[in-house]
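For reference, positions follow the sequence shown, starting with 1.
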Amino acid sequence: MMRIVHADDRLVVIDKPAGLLSVPGRTESDCASARVQAAYPDALIVHRLDQATSGLLLFARGPDAQRELSADFAGRRVGKTYVAVVAGHLEGEGLIDLPLGADWPNRPRQQVDLEQGKPSQTRWRVLAHEGGHTRVALEPLTGRSHQLRVHLAHLGHAILGDALYAEPDIAATSPRLLLHASELHIGGHHFVCPPEF
């Protein structure tokens, strides 16, 4: 169920459910942008979340606001925090600094590409240990496609329920990807939306 977290004359923030596209797909027209535009016809998407990822998604009210908010994202003036549950036992905190690029033969997969990949950085810190898994906070410093999923899998701690990047036994531990966009800082606003998992 999609929920409106905040709406004013400049922006709309929703809690996107896992499984819902951010924008229309090649064969799927139901998406977050269509649902938001049904209530706010001038709403324009500013950034995207993977279909499998839940959480905070931002829309601008009109092209001027979209330009300004998009510039904030491009200029890295937006703070984003995600919560994930990953396989195995992690301790402390760290920075993953590995360039990413498309895995062309296996699209839409991305991969660590040390030669031609684009710079990609993710900060992580442990929030809790849950059985044989670890709950982490993730802060992407760059915004590459599937960045968090690829970085964690490369670290040896794939996100539970990740059908693209986790080993089959780890992918099968959850019916959905346990990745949620939980906080968004932009233009003096701070939005918080805890995960349901």
Legend entry - Pairing residues for R135 by the salt bridge (charged side-chain N to carboxylate O under 4.0 Å, His left out) criterion, not counting sequence neighbours: E130
Less than 3.5 Å apart, which donor and acceptor atoms pair up between the side chains of residues 147-155 and the rest of the protein, not counting sequence neighbours?
from : atom 1 : to   : atom 2 : distance (Å)
Q147 : OE1    : T142 : OG1    : 2.7
Q147 : OE1    : R144 : N      : 3.1
Q147 : NE2    : Q121 : O      : 2.7
Q147 : NE2    : T122 : OG1    : 2.9
Q147 : NE2    : T142 : O      : 3.4
Q147 : NE2    : T142 : OG1    : 3.3
R149 : NE     : D162 : OD1    : 3.4
R149 : NE     : D162 : OD2    : 3.1
R149 : NH1    : D50  : OD2    : 3.1
R149 : NH2    : D162 : OD1    : 2.8
H151 : ND1    : T122 : OG1    : 2.8
H151 : NE2    : L98  : O      : 3.0

Inset, instruction - Kindly state each residue pair satisfying side-chain hydrogen bond (donor to acceptor under 3.5 Å, both in side chains) with at least one member in residues 40-49, sequence neighbours excluded. - result: D42-R61
N/O donor to acceptor pairs below 3.5 angstrom from side-chain atoms of residues 188-197, sequence neighbours left out:
from : atom 1 : to   : atom 2 : distance (Å)
H190 : NE2    : E183 : OE1    : 2.8
H190 : NE2    : H185 : NE2    : 3.2

Inset, instruction - Could you tell me which residues satisfy ring-ring contact (aromatic ring centres under 6.0 Å, His included) with H157, sequence neighbours excluded, listed by chain and number? - result: none
Inset, instruction - Please name all residues satisfying side chain to side chain contact (heavy atoms under 4.5 Å, CB included) with N106, sequence neighbours left out, ordered by chain then number. - result: D103, R109
Legend entry - Remaining members of hydrophobic cluster (4.5 Å side-chain criterion), L141: L95
Name the atoms and distances for all side-chain donor-acceptor pairs under 3.5 Å in residues 111-118, with sequence neighbours left out.
from : atom 1 : to   : atom 2 : distance (Å)
Q111 : NE2    : A102 : O      : 3.4
D113 : OD1    : E115 : N      : 3.1
D113 : OD1    : Q116 : N      : 2.9

Inset, instruction - Using the side chain to side chain contact (heavy atoms under 4.5 Å, CB included) rule, pick out the option among L57, I4, V5 that qualifies with D15. - result: V5
Inset, instruction - Under the side-chain hydrogen bond (donor to acceptor under 3.5 Å, both in side chains) rule, collect the residues that match up with R10, sequence neighbours excluded. - result: E68
Inset, instruction - Please report the shortest heavy-atom distance between A166 and I159, naming the atom on each side. - result: CB-O, 4.0 Å
Inset, instruction - Could you list the residues that satisfy side-chain hydrogen bond (donor to acceptor under 3.5 Å, both in side chains) with E93, not counting sequence neighbours? - result: none
Legend entry - side-chain hydrogen bond (donor to acceptor under 3.5 Å, both in side chains) pairs, two or more places apart, involving residues 20-34: D30-R35
Legend entry - Pairing residues for H89 by the ring-ring contact (aromatic ring centres under 6.0 Å, His included) criterion, not counting sequence neighbours: H129
